[in-house]
Structure formats: structure tokens, C-alpha cells
Number of protein chains: 2
Amino acid sequence: MSGSTTQGSSGKLTLGQYLASIRTDRKLTLRQVEEATNKEVSNAYLSQIENDKIQQPSPNVLHALADIYVIDYGQLMEMAGYITQAKARSQGQRHGRVATFANHTLTPAEESELMDYLKFIRSRKKTSDKS
Amino acid sequence: MSGSTTQGSSGKLTLGQYLASIRTDRKLTLRQVEEATNKEVSNAYLSQIENDKIQQPSPNVLHALADIYVIDYGQLMEMAGYITQAKARSQGQRHGRVATFANHTLTPAEESELMDYLKFIRSRKKTSDKS
DNA sequence: AGTGTATGCTTGATATACTTAGCATGCGTC
DNA sequence: GACGCATGCTAAGTATATCAAGCATACACT
């Protein structure tokens, strides 16, 4: 029951949620992705990944997806629980997580709405210290 | 370079041969390595890897070995047949308007909240569509 | 109605990484 | 010789990623 696909506003996105959000954002179907990856990732399997039925997809699968979505392979690797070489890069914070949004195609209207909402979120939290 | 251990006069070393040569060089036993990796890699399994019975050990196993041997993780990954970030080609085009968000450093929580909100926005608009 | 088609998802089967137990040989000491 | 015991390895089992096929619903069109 319940269990909408969103996992609430508390935690991070899972790998599956992340991949699903990107695909739907780009308005691609499971089978289109399967085609785009040259059958490297079947639509059935992608469905399982997006629903977190697969605990740790292989690097090759992740690479194929990163390839067609044009997103960062290393990020997918980390999300999947793999240890990557760039594990000690806690300094270059300028990018990194924001990549999530950078990889979504937002309309100007949406972007503006989100900017407002971000302001709202931050104003709510302002009472407590920043971390 | 390299050449100090038993390398076939033929071509490159396989992953297993490479790992075995390092271990014997260091005069370690399979069970010592198993201990050193905190049982992350069992001696039985390491034996299979060294004899190329395992086609593609998982990145986590490779990382554990790279760790205790103090060798390059990425090299092991490539030897095992994984594609690494080194292969990353052109980053491709960036989505211009998203730059606004890219310049904001979002916390994971904020990012997640915004993702939910974006879904909400789009679900509202769903009734009207045109192409 | 009905027929087709697209979409997401599930189900059963297979491949293979990985584990646990044990084998075989060698090397030492009695 | 027999008893330990360390070393590399193997055999059988479990877990899980991945595939091929199909199901269910929704949407379109006649």
C-alpha cells in the first residue's frame, strides 16, 4: 500500500529512482532505452533496476545507461554501492550532487518554480544552523 | 619494467596471472590475503581468480585486493574488463538553462525535495498536453 | 462493441560470482 | 612409518544479475 514511487522528501534518491526520473524526464520508454543501448540493457531488466529489484547492476550496465543518458558514470557507480577511484574528492563540491538536476531538462517555467520552492525550503530551515 | 616474476613470454598478463605474481612476489599465502582483506576475499575464491576461473570479479573484490597490495584499482578494473572513467569521451552539450541550478549547491535533502516537487508540478499539468 | 499497439511490469530460466567444506600434496617432527 | 599442519586447489552449493517470454492495462482507431 501507499508506497508511491517517491520515497518521501527525507532521504536520498535510490539508484533506481534516479534512473527512472531521468528516463521519464527525457520522455523515453523502457524499450527505447533498450534499443538505444543496443540491447545491452533489456527493457525488462531496466524496469527491475528502476524499481530497485536489482541490488547492484553491473558496471557495464551502468556504463551503458550513463552513456545514453549522458550522465556521469562514476556517480552511477557510487549510487550502486561500488567504490570508485574518486572516493577522496570531498573538496570539489562545486558540482557533484547537483548533477542530478543538471541532467533533467527543465522548462524555464519549471525552473523558476523550483527556484521559488528552493527558497521556500531554505527559509524554513533558516532557524537552525547550516551544516 | 615489471618483468621479475613468472611471466609468459607471450603477450600480456591476465588479471589472474597479475594478481598471482604480485602475491607470490610479496610472499603471501592465499590465506594471509584472506585475512588481510578481513575475509572479504576468501582464499578459495582468490585461488579461482588467480587461475582465471572467474571471468569478472566484482569491483568490490578488486578494490579489496588493490587495497592490500597497494596497487592501482583502476588498473585492476580495466584488466577485469570493466570500462573505467578514463574512457569518458566528450561530455556533450550542457543544458543551458539548467545552469541556474548547477550554480546552486544543493544538499541531498534539498535535491530530493525538489525532485518530489518537480513531480508534483508535472502531475498538475498532465491534463494539458499538446504536440 | 473489437482489434491492434504501446507501455510498464512480472515470471521462469540461465549464467556466473561467491561460499563453505574438503581434498591432495608437501614438509616438518616424533 | 605416522601425526600434525600449512599451502594451493577443487567440488558442490547458494545468491543474484540478466534474459526471454509473456501478462495487464491503457490508449487509439474502425
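First the proteins, then the strands, lettered A, B, ... as listed; each starts at 1. Worth saying up front: this structure is predicted, and the values here are computed from it rather than measured.
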query = Partners of B:Q75 by side chain to side chain donor-acceptor pair (under 3.5 Å), sequence neighbours excluded?
reply = none
remark   = Axis-to-axis angle across the helix from C:dA1-D:dT30 to C:dC30-D:dG1, five pairs each end, nearest 10 degrees, ~ 10°
remark   = Interatomic distance, CD1@B:I49 vs OH@B:Y18, rounded to 0.5 Å, equals 14.5 Å
query = Can you tell me how far the OH atom of B:Y69 sits from the CG atom of B:L62, to the nearest 0.5 Å?
reply = 11.5 Å
task = Let me know the distance between OH of B:Y82 and P of D:dA17, rounded to the nearest Å.
result = 12 Å
query = Rounded to whole angstroms, how far apart are NZ on A:K27 and P on C:dT7?
reply = 13 Å
Keeping the roles fixed (side chain from [X], backbone from [Y]), state whether a donor-acceptor pair exists under 3.5 Å.
X: A:N51; Y: A:S47; result: yes
X: A:Y82; Y: A:G74; result: no
X: A:T24; Y: A:A20; result: yes

inquiry  = Tell me which residues in residues 56-66 of chain B lie within less than 4.0 Å of DNA chain C, going by non-hydrogen atoms.
reply    = B:Q56, B:P57, B:S58, B:V61
ask   = By a strict heavy-atom criterion of less than 4.0 Å, which residues belonging to residues 35-53 of chain B are in contact with DNA chain C?
value = B:S42, B:A44, B:Y45, B:Q48
ask   = Can you find a heavy atom in the side chain of A:L15 that is under 4.5 Å from one in the side chain of A:I54?
value = no
query = So which nucleotide from C:dC18, C:dG22, D:dG22 ends up closest to the side chain of A:R31?
reply = D:dG22
inquiry  = Using the side-chain heavy atoms of A:L30, tell me which of these nucleotides is nearest: C:dG8, D:dT7, C:dA17.
reply    = C:dG8
message = On a heavy-atom basis, which atom in B:N60 and which in A:G81 lie closest, and how many Å separate them?
response = OD1-O, 4.0 Å
request  = Using the salt bridge (charged side-chain N to carboxylate O under 4.0 Å, His left out) rule, collect all pairs that involve residues 41-67 of chain B, keeping only residues at least two apart or in two chains.
outcome  = B:R23-B:E50
remark   = salt bridge (charged side-chain N to carboxylate O under 4.0 Å, His left out) pairs touching residues 35-48 of chain B, sequence neighbours excluded, are B:E34-B:K39, B:E35-B:K39
